[in-house]
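Worksheet: one structure, shown below.
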Amino acid sequence: MMKINILNRIRQMFRNRVYDKSPLIMETEIDGFIYGEISDHFDFDEEEGCTFGDGFVQAPNGSRAGLIWAVSEKPYLSTCIEPEDGRWGVYNVGFVKPIKTIDDVIFNFKTVLPLIKEAYNNAEHGK
């Protein structure tokens, strides 16, 4: 039994973290939370900018969660996939403006961050 636990620990240490191949956008860092880009936010689908996409968030402890975002009138966050091994969930998120510049990314992330922090805290306490 002990041998199996040790093997599982070693696998966890060397397993790639979720979203490792996608870049963090360091300019978004607030209180240790950093937004990461999966889809290209500067590949505009509308004249006013990018109105939907995929990203992720890295928490202060280095753990990550997925974000599926779309522009909406108000910020929102709803659970798409519950926390699981390797990430603390995947969430549908409402950004309040299309993305055309890095400042738009920062603004949108800052707007939804209180909701993200709440989801993170709930996921951490659920362990």
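Heavy-atom basis, side chains included; hydrogens, waters and symmetry copies ignored.
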Answer yes if the ring centres of F95 and F107 are under 6.0 angstrom apart, and no otherwise. no

So, for K100 and G49, which heavy atoms are closest and what is the spacing to 0.1 Å? CG-CA, 4.2 Å

Could you tell me whether F52 atom CZ has more than 12 heavy atoms of other residues or ligands within 6.0 Å of it? no

For E73 versus V96, what's the shortest heavy-atom pair and its separation? O-CG1, 4.0 Å

Among all residues two or more places apart in sequence or in another chain, which pass the side-chain hydrogen bond (donor to acceptor under 3.5 Å, both in side chains) test with S39? none

Reference residue F56; test side chain to side chain contact (heavy atoms under 4.5 Å, CB included); the match among L24, V90, I68: L24

Any link between L115 and V71 through a network of hydrophobic side chains (Ile, Leu, Val, Met, Phe, Trp, Tyr) touching at under 4.5 Å? yes

Measure from the side-chain N and O atoms of D54 to the backbone N and O of I38, and report whether any donor-acceptor pair falls under 3.5 Å. no

Take Q58 and F33, measure what side chain to side chain contact (heavy atoms under 4.5 Å, CB included) needs, and give me the verdict at the end. CA-CA 6 Å; Q58 180 172 290; F33 288 85; over 6 Å; no

Parallel, tilted or perpendicular: which describes the rings of Y91 and W88, with under 30° parallel and over 60° perpendicular? tilted

R64 and V57, any side-chain heavy atoms less than 4.5 Å apart: no

Regarding S63 and N61, is there a side-chain donor-to-acceptor distance under 3.5 Å anywhere? yes

Is the centre of the H41 ring less than 6.0 Å from the centre of the Y35 ring? yes

Rounded to the nearest 0.5 Å, what separation is found between the CG atom of N108 and the CG atom of L113? 12.0 Å

Quick one, I99 with W69, criterion side chain to side chain contact (heavy atoms under 4.5 Å, CB included). Give me CA distance, side-chain angles, the key distance, then yes/no. CA-CA 11 Å; I99 294 174; W69 66 271; 3.7 Å; yes

What distance do I25 atom CD1 and I106 atom CD1 have between them, rounded to the nearest 0.5 Å? 8.5 Å

Going by side-chain hydrogen bond (donor to acceptor under 3.5 Å, both in side chains), name the residues that satisfy it together with K97, two or more places apart in sequence or in a different chain. D104

What are the two closest heavy atoms between L77 and A119, and how far apart are they? CD2-CB, 4.0 Å

Correct closest heavy-atom pair for V112 and G94 would be CG1-O, 3.2 Å

Tell me if a side-chain donor or acceptor on E29 pairs with a main-chain N or O of G32 at a distance below 3.5 Å. yes

Does I81 offer a backbone N or O that forms a donor-acceptor pair with the side chain of T79 under 3.5 Å? no

Closest heavy-atom pair, D45 versus C50, reported as atoms and distance to 0.1 Å, is OD1-CA, 3.2 Å

Distance in Å, E46 CD paired with T51 OG1, rounded so as to fall on 0.5 Å steps: 5.0 Å

